S.K.: 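This is the structure I want to talk about, given as structure tokens.
Numbers here are sequence positions counted from 1. Computed from a prediction, not measured in an experiment: that's the story for all the values here.
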Amino acid sequence: WQQAVEHSTRFPLFGAGYNAYAFEQLAVGNIGDLTLHSRAGADNSLLTLAATTGVWGTVLLGGLLLCVLWGLARKVQAGSILSAPAVLALVGLLAHAQFTHSLVYIHLAVPLALLIGAAFHPGVQRGRLGSRETDASTA
């Protein structure tokens, strides 16, 4: 983690870029060989994003995640059937991301994005998804 923090101070505003991060770590001597080291560098999604996208990327992602959580929380209060599972999945992924690269792992990000998208779909209200009462109330 210390190397990721040191690296993020070299490129504070915009980062080095995700694909260039391993080469930057190699150039400063933090890793000896690209084949023996994780290409992302630090086992923490937020540190990796800070080092690769800089302050701007991290703030934009954080703002987006806060907006999504806020919107989902409001939908939970309104009784939407998919919002609570979406909140739990997102919070769980954020906790998991402190120890792995789960925020940038596509096999976790795509199902989460689909669940969040379904939770924000206007047809998903109280009750069963796709029921006639739900569809009539949103028409």
S.K.: Compare every heavy atom of Pro85 with every heavy atom of Leu82, then report the nearest pair and how far apart it is.
M.R.: O-CD, 3.4 Å

S.K.: Using a 4.5 Å cut-off between side-chain heavy atoms of Ile, Leu, Val, Met, Phe, Trp and Tyr, which other residues end up in the same hydrophobic cluster as Leu88?
M.R.: none

S.K.: Listed by chain and number, what are the side-chain contact (heavy atoms from CB on, under 4.5 Å) partners of Ser102, not counting sequence neighbours?
M.R.: Ser45, Leu93, His96, Ala97, Thr100, Leu108

S.K.: Rounded to the nearest 0.5 Å, how far apart are OG1 of Thr53 and CG of Leu13?
M.R.: 11.0 Å

S.K.: Report the residues that fulfil side-chain contact (heavy atoms from CB on, under 4.5 Å) with Ala86, sequence neighbours left out, ordered by chain and then residue number.
M.R.: Leu72, Leu115, Ile116, Ala119

S.K.: Answer with yes or no whether the hydrophobic clustering places Val91 together with Tyr105; edges join I, L, V, M, F, W, Y residues whose side-chain heavy atoms lie under 4.5 Å apart.
M.R.: yes

S.K.: What residues, two or more places apart in sequence or in another chain, satisfy side-chain contact (heavy atoms from CB on, under 4.5 Å) together with Leu94?
M.R.: Leu65, Leu69, Leu90, Leu103

S.K.: Establish whether Val87 and Leu66 are linked, either directly or via other cluster members, by ILVMFWY side-chain heavy-atom contacts under 4.5 Å.
M.R.: no

S.K.: Give, for atom CZ of Arg74 and atom OG of Ser83, the distance between the pair rounded to the nearest 0.5 Å.
M.R.: 12.0 Å

S.K.: For Val76, is there any backbone N or O sitting under 3.5 Å from a side-chain donor or acceptor partner on Ser80?
M.R.: no

S.K.: Using the side-chain contact (heavy atoms from CB on, under 4.5 Å) criterion, which residues pair with Phe14? Sequence neighbours excluded.
M.R.: Trp56

S.K.: Quick one: closest heavy-atom pair of Leu61 and Leu49, and the distance?
M.R.: CD2-CD1, 3.2 Å

